[in-house]
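Values reported hereafter were calculated over all heavy atoms of this structure, with side chains retained and with hydrogens, waters and symmetry mates removed.
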Amino acid sequence: MRSIRAAAVGAVTLSLALAATACGGGTSTGGSDDSPKTLTYWASNQGASVAVDKKVLQPELDKFEKQTGIKVKLEVVPWSDLLNRILTATTSGQGPDVLNIGNTWSASLQATGALLPWDQQNFAKIGGRDRFVEAALGSTGVQGKDPAAVPLYSMAYALYYNKKIFADAGISKPPATWDELIADGKKIKARGKSVLGAEGANLSENIHHVFVFAKQHGADFFTADGKPDFTSPKVVEAVKSYVDLMAKDKVIPPGDAEYAQNQSVSDFAKGKQAMLLWQSAAANLKSQGMSEDAYGIAPVPVRSGTPGQGSQVNSMVAGINIAVFKNTHNLDGARKFVKFMTSDAEQKILNTAYSTVPPVASAQQDPAFGAPDTAVLKSTLATSAAALPQVPSESQFETTVGTAVKELFADAAAGRAVTTDSVRAKLEKAQQQMPAA
């Protein structure tokens, strides 16, 4: 899921509404081809602004219309509104034909019954399931069910570091472990610079990071059968370890507890801080005037050793999926549009524009995605990233646990103690707010 978005992922009330529709199965009755010459498309805000996205996408939509005769009406939806808009559409049945979704929402939206399942027949219409990288397919819905969406853009977290700040502090290489990052932080702070940026009030950013910390502590937020398990000792330890980067280790500045609108990215781009943990940040940094030569990119630190699977996971599988509303009035055109957007040619154009990684295997091998920074992201996705839990209550998990972490950062910023007991209490409250299975 893209972190260019604002903090809001959806109000708790709408998250609970999603739980209700998950029980009812949605309102869609099946698509038709009653309007074969038009499509509506809700695109997520991937660029630095809605205007930037329109500039990127409209020429491609015009190209699709020239090839097929199908006109696509585009609406770029800000991340602060996107999930709420989708939830409303799933309950009313009044949605677009095609839409982008954050890949972490796939299972939750799949449970509404409103999205077209990508079974073997539908995949055949776009060139087959085996065109897509398996890691990206892992975030398209509940395992064992036909995917609810198709991967469009893939992303992974990396550690971005300011070369000059590192050199001035006498640091010769990026930290590979959290202990190294904390030690480097002391040298950086001695030079009067901020160490590591965070978006402490951004619920999704919080979830992405505590998910990785939980993996590194050998924990999961859900049991094998999909039930919330937010208060196990290892989960509590993992969440505390992340918040302690501000509360105890002092590498995240207290002011970042209020960040929710990518201010940490701007701080990094302006040279105010030494490091940033972010998803596929190159295009964002370039748009803010930071030269590619000014920063390096490295894998996100682990507790010890090198990144990999299991307790060495260092990123969630981030990305954007493209989905079709099941009650579309142009089913054939919608599938043609998905095929177009996931074609090798369009994958190269779009993923280059957004500094993301194509989830289509053949497009990913294009030389355009061979730069050193992209190589780190590709390697992370292939070897050391894990999909967020593909369970129907995932979006509520983002809201409740994301809010708990936000509150813990607020405590840390205010000088209130962040203890094992206080972390457990916040997580227990979050678990109590989750819908009944």
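Atom CG of Asn206 is separated from atom OG1 of Thr403 by 8.5 Å, given to the nearest 0.5 angstrom. Rounding to the nearest 0.5 Å gives a distance of 6.5 Å between CG of Leu181 and CG of Leu159. In this structure, CG in Leu196 is found 11.5 Å from CG in Asp267, a value given to the nearest 0.5 Å. The distance from atom CG of Asn100 to atom CG of Leu57, rounded to the nearest 0.5 Å, is 8.0 Å. Rounding to the nearest 0.5 Å places OG1 of Thr177 at 10.0 Å from CD of Gln216. To the nearest 0.5 angstrom, Lys54 atom NZ is 10.5 Å from Asn45 atom CG.
In this structure, Phe268 and Ile165 have side chains that are not in contact, with every pair of non-hydrogen atoms separated by 4.5 Å or more. Under the 4.5 Å side-chain criterion, counting only non-hydrogen atoms from C-beta, Val405 is in contact with Val243. With contacts defined as side-chain heavy-atom distances shorter than 4.5 Å, the pair Pro228/Phe221 does not qualify. Side-chain atoms of Val324 and Leu115, non-hydrogen and from C-beta on, never get closer than 4.5 Å to each other. Counting heavy atoms from C-beta on, the side chains of Pro359 and Gln347 come closer than 4.5 Å. Side-chain contact between Val265 and Leu285: present, with at least one pair of heavy atoms (C-beta onward) separated by less than 4.5 Å. Between Pro147 and Arg129 the shortest side-chain heavy-atom distance falls below 4.5 Å. Counting only heavy atoms from C-beta outward, the side chains of Glu394 and Trp105 approach each other to under 4.5 Å.
Across Glu199 and Gln263, no two heavy atoms sit closer than the pair OE2-N, 3.1 Å. Residue Asn321 comes nearest to Ser106 through the heavy atom pair ND2-OG, 3.0 Å, listed as atom of the first residue, atom of the second, then distance. Considering all non-hydrogen atoms of both residues, Leu381 and Ser154 come closest at CD1-CB, 3.9 Å. Heavy atoms only, all atoms of each residue included: Met341 and Leu350 are closest at CE-CD1, 3.7 Å. Looking at every heavy atom in both residues, Lys339 comes nearest to Lys125 through CD-O, 3.4 Å. When all heavy atoms of Asp293 and Lys163 are compared, the pair lying nearest together is O-CD, 3.4 Å.
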Evaluate the criterion side-chain contact (heavy atoms from CB on, under 4.5 Å) for residue pair Leu388 and His208; output intermediate values, then yes/no. CA-CA 8 Å; Leu388 274 162; His208 298 168; 3.9 Å; yes
Verify side-chain contact (heavy atoms from CB on, under 4.5 Å) between Thr38 and Lys73, making sure each step is shown before the conclusion. CA-CA 8 Å; Thr38 61; Lys73 181 181 178 181; over 6 Å; no
Assess whether side-chain contact (heavy atoms from CB on, under 4.5 Å) is satisfied between Leu99 and Phe325, documenting all intermediate values. CA-CA 8 Å; Leu99 71 158; Phe325 260 95; 3.6 Å; yes
Assess the residue pair Leu377 and Ser280 against the criterion (side-chain contact (heavy atoms from CB on, under 4.5 Å)); give the C-alpha distance rounded to whole Å, side-chain angles, the decisive distance to 0.1 Å, and a yes or no. CA-CA 7 Å; Leu377 302 177; Ser280 308; 3.6 Å; yes
Set out, in order, the CA-CA distance, both residues' side-chain angles and the distance that settles side-chain hydrogen bond (donor to acceptor under 3.5 Å, both in side chains) for Thr223 and Asp229, then state yes or no. CA-CA 6 Å; Thr223 62; Asp229 186 24; over 6 Å; no
Between Phe64 and Tyr41, does the ring pair (Phe, Tyr, Trp, His ring centres under 6.0 Å) criterion hold? Intermediate values first, please. CA-CA 13 Å; Phe64 177 73; Tyr41 175 41; 10.0 Å; no
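Formation of a donor-acceptor pair under 3.5 Å by the Asn202 side chain with backbone atoms of Glu205 is found in this model. When atom types are taken as modelled, the side chain of Thr40 and the backbone of Asp97 share a donor-acceptor pair closer than 3.5 angstrom. A donor-acceptor pair is defined here as one N or O able to donate and one able to accept, closer than 3.5 Å; no such pair exists between the side chain of Gln279 and the backbone of Ala318. Counting only distance, with no hydrogens or angles, the side chain of Gln273 and the backbone of Tyr161 share no donor-acceptor pair below 3.5 Å. Under the 3.5 Å distance criterion, the side-chain polar atoms of Gln431 are left unmatched by any main-chain donor or acceptor of Leu427. Side-chain atoms of Ser393 never come within 3.5 Å of backbone atoms of Gln396 as a donor-acceptor pair (strictly under, hydrogens ignored). No donor-acceptor distance shorter than 3.5 angstrom exists from the side chain of Asn162 to the backbone of Ala274, with no hydrogens or angles considered. Gln94 places no side-chain N or O within 3.5 Å of a backbone atom of Ala89 that could act as its donor or acceptor partner. Without hydrogens or angle criteria, Thr374 side chain to Gly370 main chain gives no donor-acceptor distance under 3.5 Å. A donor-acceptor contact shorter than 3.5 Å links the side chain of Thr91 to the backbone of Thr88.
Within 6.0 Å of the NZ atom in Lys378, the count of heavy atoms belonging to other residues, nucleotides or ligands exceeds 12. A 6.0 Å sphere centred on CD of Glu258 holds no more than 12 heavy atoms belonging to other residues, nucleotides or ligands. Within 6.0 Å of atom CD in Gln67, more than 12 heavy atoms from other residues, nucleotides or ligands are found, so the atom counts as buried in its surroundings.
The six-membered or imidazole ring of Tyr242 lies near that of Phe409, with a centre-to-centre distance under 6.0 Å. In this structure, Trp79 has its ring center no closer than 6.0 Å to that of Trp42.
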Using distance only, find each side-chain donor-acceptor pair of residues 308-317 under 3.5 Å and give its atom names and separation, not counting sequence neighbours.
unit_1: Gln309; atom_1: NE2; unit_2: Thr383; atom_2: O; d: 3.0
unit_1: Gln309; atom_1: NE2; unit_2: Ala385; atom_2: O; d: 3.3
unit_1: Gln312; atom_1: NE2; unit_2: Ser304; atom_2: O; d: 2.6
unit_1: Gln312; atom_1: NE2; unit_2: Thr306; atom_2: O; d: 2.9
unit_1: Asn314; atom_1: OD1; unit_2: Ser384; atom_2: OG; d: 2.7
unit_1: Asn314; atom_1: ND2; unit_2: Val300; atom_2: O; d: 3.2
unit_1: Ser315; atom_1: OG; unit_2: Tyr157; atom_2: N; d: 2.9

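Annotation: cation-pi pair Arg303/Trp178 absent, no NZ/CZ under 6.0 Å from the ring centroid and within 45° of its normal.
In this model, no donor atom of one side chain and acceptor atom of the other lie less than 3.5 Å apart for Asn103 and Thr140. In summary, the side chains of Tyr354 and Asp53 do present a donor paired with an acceptor at a separation below 3.5 Å, with no hydrogens or angles considered. With no hydrogens or angles considered, no side-chain donor-acceptor pair links Tyr160 and Asp373 at under 3.5 Å. Counting only N and O atoms by type, the side chains of Ser35 and Asn330 include no donor and acceptor under 3.5 Å apart.
The pair Lys215-Asp220 meets the salt-bridge criterion, with a side-chain N (NZ, NE, NH1 or NH2) lying under 4.0 Å from an Asp/Glu carboxylate O. At a threshold of 4.0 Å, the pair Glu75-Arg85 counts as salt-bridged, since one of the basic side-chain nitrogens sits closer than that to a carboxylate oxygen.
Residues meeting the salt bridge (Lys or Arg N to Asp or Glu O under 4.0 Å) test with Asp62, sequence neighbours left out: none.
Applying the salt bridge (charged side-chain N to carboxylate O under 4.0 Å, His left out) rule to pairs touching residues 343-371 yields Lys63-Glu346, Arg131-Asp344, Lys348-Asp366, sequence neighbours excluded.
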